[in-house]
Amino acid sequence: MGIAQEGQVEFRSAPAGVAQELAHAVRGAVLSPGDEDFTTECAGFNLVAAHRPALVVVAEGAADVQAAVRIAGLHGLPVTVQSTGHGISAPADGGLLISVRRMNGVAVDPIARLARVEAGTPWHKVIRSAAAHGLAPLNGSSHLVGAVGYTLGGGLGLLARKYGYAADHVTRLEIVSADGELRMVTQDQNAALFWALRGGKGNFGVVTAMEFELVPVTRLYGGGLFYDGEDTSDVLHTWRAWTRDLPEEMTSSVALLRLPDLPVVPALLRGRLVVHVRIAFQGSAAEGEQLIRPLRTVALPVLDTVGDMPYTAVQEIHQDPTHPLPYHERSIVLRELDHQAVTRLLALAGPGSGCGELMVELRHLGGALGRPPAVPNAVGNRDGAFTLSTLTPAIPGDPAAADVAGSEVLEGLAPWGTGGRYLNFLGGPATTGPGQVRACYDAETYRRLADIKAVYDPQNLFRFNHNIVPSEGLSQ
């Protein structure tokens with residue numbers, strides 16, 4: 001491949017004739033560096049890294065994905081797929097990027113309580129469609145994230161302690177594997193691949209459609225309690241003790257926020273340390289109010305948004321950013337969170353610590369998250385009690401800064417960790433190396449994933465991701 005220049009950014013050019021071959025084979029646009037929409041299709045939410053592919057295929061449907069993957073394989077072009085770009089793990093330099101954001105159809109079967117979504121569907125479309133029938137998906141904290149990528153990585157959502165991971169509720173997947181074949185994947189059809197896809201992320205092909213169960217949830221008692229940074233110690237210690245005896249209907253988390261003084265940030269949160277406790281309770285408002293009383297009384301919140309809400313407003317609980325920004329995301333899984341662990345966290349990330357993270361977050365696990373699903377899958381670390389994650393401001397293209405970003409807090413809490421990590425909370429090239437991906441699974445699960453990878457993608461065509469390398473003995 002040659003090198004093409006666009007301004008100060010380098011792009012590897014595709015082998016001669018590939019763009020024309022793709023243009024004849026797909027309905028959607030085929031874009032090269034310098035084309036009008038090329039940069040738009042490459043852009044994602046996390047700006048920590050930029051895709052610099054040789055070509056972009058703007059897929060209109062599964063047939064486009066099949067043709068693109070088949071032609072890429074013939075010419076040795078590695079493939080990545082992007083819908084929203086929240087979960088970028090490796091820039092697609094010199095490869096083929098398949099943009100699936102136009103594949104965003106949603107169909108709901110209210111009798112069977114099932115939804116079918118296409119590859120690029122964001123959660124807000126699913127939430128709205130399901131709500132029309134008194135149902136809800138097991139979405140995450142941001143309604144802008146793509147449903148498929150989120151679910152393939154596990155899916156730790158706001159109803160998680162009651163219903164488990166989103167991946168546990170997938171019933172069918174349609175996937176284009178490295179040979180360009182469109183495969184129907186269920187518990188009974190391509191069963192090994194069904195196990196691997198649910199937790200193995202994008203290692204086995206391009207999922208063009210996903211079917212999954214919906215749950216009968218129409219409302220929550222939920223929202224956020226925001227406290228001044230001076231109250232961090234009291235709030236964290238109280239929240240830790242409070243989580244010990246909660247019903248599974250209560251899913252909660254707490255975040256230490258240090259957001260920049262910028263117009264896109266709510267004025268209350270700008271340029272200061274704020275503690276944000278997030279509440280998602282599936283019981284009545286009266287029960288919820290009683291349950292969270294210890295949190296409301298430990299300190300005076302500077303803002304209290306907790307109340308009865310329709311599920312369609314679920315994004316208001318975490319209030320995740322809606323504007324693209326560059327960040328590294330890291331995580332570990334904790335086996336426990338005792339008094340000493342909170343004290344250590346306060347020293348590393350509390351007032352006066354000098355912590356530079358945008359966010360240090362604890363999510364309460366347990367409940368259904370700790371039980372095996374009805375149909376086994378590859379989602380790991382079910383023995384954890386909490387996740388601890390960091391969101392670090394990034395300077396795109398600065399690997400030296402990336403090497404240490406977010407490490408101090410996680411390393412400091414490692415004595416309380418299981419040794420595991422949560423896959424969906426690893427974001428950016430600096431956080432998704434082989435060792436970190438392996439830590440998302442136990443040794444036997446990872447070995448099995450690598451064996452299945454060797455069957456369906458022996459050449460590691462899909463490697464711009466949280467990569468699982470195919471087993472050598474099976475990929476020869």
### Task
Looking only at non-hydrogen atoms, find the nearest pair between P33 and A54 and report the distance.
CD-O, 3.3 Å
### Query
Rounded to the nearest 0.5 Å, what separation is found between the CZ atom of R240 and the CD atom of E336?
9.5 Å
#### Entry: Residues D179, R183: salt bridge by 4.0 Å N-O rule
yes
### Task
Go through the steps for S141 and D320 under the test side chain to side chain donor-acceptor pair (under 3.5 Å), then give the verdict.
CA-CA 7 Å; S141 56; D320 281 358; 2.6 Å; yes
### Query
Does a side-chain heavy-atom distance below 4.5 Å link Q82 with H51?
yes
### Task
To the nearest 0.5 angstrom, please state how far the CG atom of D308 sits from the CG atom of L220.
8.5 Å
### P122 and V145, any side-chain heavy atoms less than 4.5 Å apart
no
### Query
Does a side-chain heavy-atom distance below 4.5 Å link Y221 with I292?
yes
### Query
Looking only at heavy atoms, which two atoms of A349 and V360 are closest? And how far apart?
CB-CG2, 4.1 Å
### Message
Just to verify, what does K201 make a salt bridge (Lys or Arg N to Asp or Glu O under 4.0 Å) with, not counting sequence neighbours?
### Response
none
### CZ/R113: more than 12 non-hydrogen atoms of other groups inside 6.0 Å
no
### Message
Nearest 0.5 Å, please: how far is CZ in F194 from CZ in R172?
### Response
10.5 Å
### Query
Looking at V69 and S177, what are the two nearest heavy atoms and their distance?
CG1-O, 3.4 Å
### Message
Using only atom types and a distance under 3.5 Å, with no angle test, would you say the side chain of D37 pairs donor to acceptor with the backbone of L31?
### Response
no
### Centroid-centroid distance, F45 to H86, less than 6.0 Å
yes
### Query
Between D168 and R382, does at least one N-O distance fall below 4.0 Å, as a salt bridge requires?
yes
### Query
Where the side chain of T431 meets the backbone of G428, is there a donor-acceptor pair that is under 3.5 Å apart?
yes
### Query
Taking it one step at a time, do Y311 and R219 satisfy side-chain contact (heavy atoms from CB on, under 4.5 Å)?
CA-CA 5 Å; Y311 196 80; R219 50 151 298 280; over 6 Å; no
Throw together a table of side-chain donor-acceptor distances under 3.5 angstrom for residues 153-165, partners on residues two or more places apart or in other chains.
residue, atom, partner, partner atom, Å
R161, NE, M250, O, 2.7
R161, NH1, L365, O, 2.8
R161, NH2, L246, O, 3.2
R161, NH2, P247, O, 3.1
K162, NZ, E249, OE2, 3.3

### Sequence-distant partners of E248, salt bridge (Lys or Arg N to Asp or Glu O under 4.0 Å), two or more places apart
R371
### Task
Walk me through it: do Q315 and H124 pass the test side chain to side chain donor-acceptor pair (under 3.5 Å)?
CA-CA 9 Å; Q315 74 277 0; H124 66 84; over 6 Å; no
### Flag for N203-D457: side-chain donor and acceptor within less than 3.5 Å
no
## Note on the structure
Note: M359 and L257 closest approach over all heavy atoms is CG-CD2, 3.7 Å
#### Entry: Validation row: V409, L345 side chains within 4.5 angstrom (heavy atoms)
yes
### Task
Step through it carefully: locate the ring centre of F386, locate the ring centre of W239, and say whether they are under 6.0 Å apart.
yes
## Note on the structure
d(R198 CZ, T171 OG1) to nearest 0.5 Å is 9.5 Å
### Heavy-atom side-chain contact between L144 and T84 under 4.5 Å
no
### Query
Is the side chain of N381 donor-acceptor paired with the backbone N or O of G384 at a distance under 3.5 Å, no angle test?
no
### Message
For E21, is there an ion pair with R70 - N to carboxylate O distance below 4.0 angstrom?
### Response
no
### Task
Give a yes or no on whether the backbone of Q187 and the side-chain of W195 come within a donor-acceptor separation of less than 3.5 Å.
no
### Query
Do side-chain atoms of N467 reach the backbone of A90 as a donor and acceptor pair under 3.5 angstrom?
no
### Task
Indicate yes or no for a side-chain donor-acceptor contact from T186 to the backbone of D188 under 3.5 Å, with no hydrogens or angles considered.
yes
### Task
Give a yes-or-no answer on whether the side chains of H169 and E213 include a donor-acceptor pair shorter than 3.5 Å.
yes
### Query
What's the shortest heavy-atom distance between E329 and N424, and which atoms?
OE1-O, 4.0 Å
### Query
Pick from E118, E41, E60: which one makes a side chain to side chain donor-acceptor pair (under 3.5 Å) with R102?
E41
### Donor-acceptor pair between N465 and S89 side chains, under 3.5 angstrom
no
### Query
Short question: side chain of N46, backbone of Y327 - any donor-acceptor pair under 3.5 Å?
yes
### Message
Could you go through R448 and I452, starting from their C-alpha distance and side-chain angles, then the distance that decides it, and tell me whether this counts as side-chain contact (heavy atoms from CB on, under 4.5 Å)?
### Response
CA-CA 6 Å; R448 186 178 174 191; I452 295 170; 4.1 Å; yes
### Task
Please determine, by modelled atom types, if H328 and R330 share a side-chain donor-acceptor pair under 3.5 angstrom.
no
### Task
Please work out whether the ring planes of Y441 and Y446 are parallel, tilted or perpendicular, with thresholds of 30° and 60°.
tilted
### Task
Would you name the heavy atoms of G28 and D64 that are closest together and state the gap between them?
N-OD2, 3.0 Å
### OG1-CD distance between T218 and Q282, expressed to the nearest 0.5 angstrom
10.5 Å
### Message
Less than 3.5 Å apart, any donor N or O on the side chain of T445 or D442 sitting next to an acceptor on the other?
### Response
yes
### Message
Determine whether L22 and L55 satisfy the following criterion, side-chain contact (heavy atoms from CB on, under 4.5 Å), listing intermediate values before the conclusion.
### Response
CA-CA 10 Å; L22 284 166; L55 294 168; 3.8 Å; yes
### Message
Determine whether a donor-acceptor pair (N or O, by modelled atom type, separation under 3.5 Å) exists between the side chain of K125 and the backbone of N104.
### Response
yes
### Summary
Output for pair (L152 CG, F204 CZ), nearest 0.5 Å, gives 10.0 Å
### Query
Hey, are the side chains of D35 and S32 touching, using non-hydrogen atoms and a 4.5 Å cut-off?
yes
### Message
For a quick check under 3.5 Å, do D451 and S471 share a side-chain donor-acceptor pair by atom type?
### Response
yes
#### Entry: Steps toward side-chain contact (heavy atoms from CB on, under 4.5 Å) verdict (I468, R438)
CA-CA 8 Å; I468 295 168; R438 279 180 177 268; over 6 Å; no
### R421 side chain vs S331 backbone, donor-acceptor pair below 3.5 Å
yes
### Query
Judged by atom type as modelled, is there a donor-acceptor pair below 3.5 Å linking the side chain of R101 to the main-chain atoms of V58?
no
### Task
Kindly indicate whether the side chain of M103, heavy atoms from C-beta on, has any atom under 4.5 Å from the side chain of T208.
yes
### Query
Given side chains that start at C-beta, do those of L334 and T387 come closer than 4.5 Å, heavy atoms only?
no
